[in-house]
Amino acid sequence: MFFGKHLFAIAAASLFTVSSALVIQKRDSNAFYAINYGIDQNDCPTLSAIKQQLTTLKAYTTRIKTFTVTGCDEGNLIMQATQSLGLRIYLGLWVGSDANAFEAEKTKLIELAHTYKFNNVDGIVVGSEALYRGDVSPETLAGYISDVKKSLSDAGVNVPVATADVYYKWDPAVVAQVDFLMMNAFPYWEGVTVDNAVSTLFNHYDHVKSLSTGKPVVIGETGWPTHGASFEAAVASVPNQQTYMKGVLCEVRQKNIDLCWFEGLDEAYKGSDVEGNWGFLDASGNPKSSDYSSIFQNPC
């Protein structure tokens, strides 16, 4: 999420009971095409804890999107957890300013490819907003994507490769290398009123689509916070999140657009302001309102 901190972490949430999750799952398991998921890199969870968090999210989606494979050995943990639970995944590699760190991510990815069947992996996402942060140049990122594609091919793995970045940072060199594009956009951080937020998001989507040279475009991250300081005309609240979510879900379902929602669980360790309050579930896995279920079932 741009304008945010700790891009590849999500709260190590308290446990949501399996029985409650299964009750909701019957109604809402297809609420979102995908939900962004990460872990607190300063408090590494166990495999059991990750499985319990993903069981919570499985009540609302069949697919998650991650950000790193090296931190806390997340790659191994997430592959074990998703395959055990029958979840699909967009597997993320972190790209920062340290080239050696990227090499470690790529090496771990190939280790995973030799260890697990990638039959639940829908794509590899090389970097999350690396161009937005200015961590790498478009040419360097394009080279990283090419390296990953070759390494996967050499390992006998055929999986689409993308990167995720903000809607205004797509460079032709990067577009040429990816198999699909993941566009991130947060109208909240643009200071847009919630009444204008949905149209703002899809204007950005249309812009990226026009640059994609016919390649698929996935909305990699979008959401609305439920608590914290306002940002210009954008106000954080549960009703506003519901308004934005309802409008976004209606549009993506009508237009058959793949959406990775940010996010499921609150990131409590980020504090009580906006950054810790993007979930539609609190940090314990409880829906913040009983109204969400009706939105999931009939957003239009």
Side-chain angles (χ1 to χ4, degrees), residues 1 24-37 57-66 82 86-92 118-126 128-129 158-170 174-188 190 192 194-224 241-264 278 280 292-300:
M1 170 176 47
I24 297 171
Q25 184 180 348
K26 281 189 173 182
R27 302 194 308 269
D28 300 332
S29 61
N30 293 318
F32 298 99
Y33 171 75
I35 294 176
N36 284 275
Y37 174 79
L57 295 181
K58 188 178 177 182
Y60 306 96
T61 190
T62 59
R63 182 181 286 100
I64 63 166
K65 171 175 163 281
T66 63
T82 55
L87 284 166
R88 304 197 65 78
I89 185 171
Y90 285 113
L91 194 60
F118 270 26
N119 52 11
N120 70 320
V121 178
D122 288 328
I124 306 300
V125 186
V126 182
S128 178
E129 299 181 356
N158 182 21
V159 177
V161 178
T163 190
D165 224 303
V166 297
Y167 61 91
Y168 56 89
K169 281 292 187 179
W170 287 94
V174 174
V175 173
Q177 285 298 327
V178 296
D179 297 311
F180 65 100
L181 294 70
M182 278 198 159
M183 179 210 78
N184 295 357
F186 288 86
Y188 176 86
E190 297 178 62
V192 175
V194 73
D195 292 336
N196 294 319
V198 174
S199 61
T200 297
L201 172 68
F202 288 98
N203 285 340
H204 297 332
Y205 176 86
D206 290 342
H207 170 70
V208 175
K209 192 74 175 173
S210 74
L211 305 175
S212 69
T213 66
K215 295 178 180 180
V217 178
V218 176
I219 299 176
E221 292 182 38
T222 198
W224 197 275
Q241 185 190 70
Q242 291 175 334
T243 296
Y244 183 64
M245 180 187 289
K246 189 174 190 294
V248 170
L249 286 178
C250 180
E251 288 286 316
V252 298
R253 292 183 189 181
Q254 289 184 336
K255 297 178 179 178
N256 198 28
I257 296 171
D258 293 336
L259 162 73
C260 307
W261 183 259
F262 189 94
E263 60 190 334
W278 287 82
F280 60 90
Y292 284 105
S293 202
S294 64
I295 293 172
F296 298 152
Q297 294 176 59
N298 187 24
C300 298

Between [atom1] on residue [X] and [atom2] on residue [Y], distance to nearest 0.5 Å:
X: Ser212; Y: Tyr205; atom1: OG; atom2: OH; value: 8.0 Å
X: Gln241; Y: Ile295; atom1: CD; atom2: CD1; value: 8.5 Å
X: Ser293; Y: Asn298; atom1: OG; atom2: CG; value: 11.5 Å
X: Trp261; Y: Ile219; atom1: CH2; atom2: CD1; value: 10.0 Å
X: Asp165; Y: Asn184; atom1: CG; atom2: CG; value: 7.0 Å
X: Ile89; Y: Thr62; atom1: CD1; atom2: OG1; value: 12.5 Å

Which heavy atom of [X] sits nearest to which heavy atom of [Y], and what is that distance?
X: Pro299; Y: Lys246; answer: O-NZ, 2.9 Å
X: Glu263; Y: Asn36; answer: CB-O, 4.4 Å
X: Cys260; Y: Val218; answer: SG-CG1, 4.0 Å
X: Trp224; Y: Ala197; answer: CZ3-CB, 3.6 Å
X: Leu201; Y: Thr222; answer: CD1-OG1, 3.8 Å
X: Ile257; Y: Phe202; answer: CD1-CE2, 3.8 Å

| message | Over 60° means perpendicular and under 30° means parallel, so tell me whether Phe262 and Trp278 are parallel, tilted or perpendicular. | response | perpendicular
Residues that [X] engages under side-chain contact (heavy atoms from CB on, under 4.5 Å), provided they are two or more places apart:
X: Asn119; value: Gln83, Lys117
X: Asn203; value: none
X: Ser210; value: His207
X: Ala162; value: Phe180

| query | Tell me the salt bridge (Lys or Arg N to Asp or Glu O under 4.0 Å) pairs involving residues 195-212, sequence neighbours left out? | reply | none
| salt bridge (Lys or Arg N to Asp or Glu O under 4.0 Å) pairs, two or more places apart, involving residues 247-258 | Glu251-Lys255
| field | Under the side chain to side chain donor-acceptor pair (under 3.5 Å) test, residues paired with Thr66 that sit two or more places apart | value |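 Listed in chain order: nothing, the list is empty.
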| task | Apply side chain to side chain donor-acceptor pair (under 3.5 Å) to Tyr33 and list each qualifying residue two or more places apart in sequence or on a separate chain. | result | Tyr90
| said: Is the distance between the ring centroids of Tyr60 and Tyr292 under 6.0 Å? | reply: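 Between Tyr60 and Tyr292, which both carry aromatic rings, the centre distance is not below 6.0 Å.
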For the residue pair [X] and [Y], establish whether any side-chain heavy-atom pair is separated by less than 4.5 Å.
X: Phe32; Y: Met245; value: yes
X: Ile35; Y: Phe280; value: yes
X: Asn196; Y: Pro187; value: no
X: Phe118; Y: Ile124; value: yes
X: Trp170; Y: Thr163; value: yes

| request: Give a yes or no answer on whether the side chain of Asn120 reaches the backbone of Leu87 with a donor-acceptor pair at less than 3.5 Å. | output: yes
| Quick one: does Lys215's side chain have a donor or acceptor within less than 3.5 Å of a partner on Leu181's backbone? |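 Checking the backbone N and O of Leu181 against the side chain of Lys215, no donor-acceptor pair under 3.5 Å is found.
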| salt_bridge(Lys65, Glu221) N-O dist < 4.0 Å | yes
| request: Using the side-chain contact (heavy atoms from CB on, under 4.5 Å) rule, take Thr82 and Val121 through it: C-alpha gap first, then chi angles, then the decisive distance, then the call. | output: CA-CA 10 Å; Thr82 55; Val121 178; over 6 Å; no
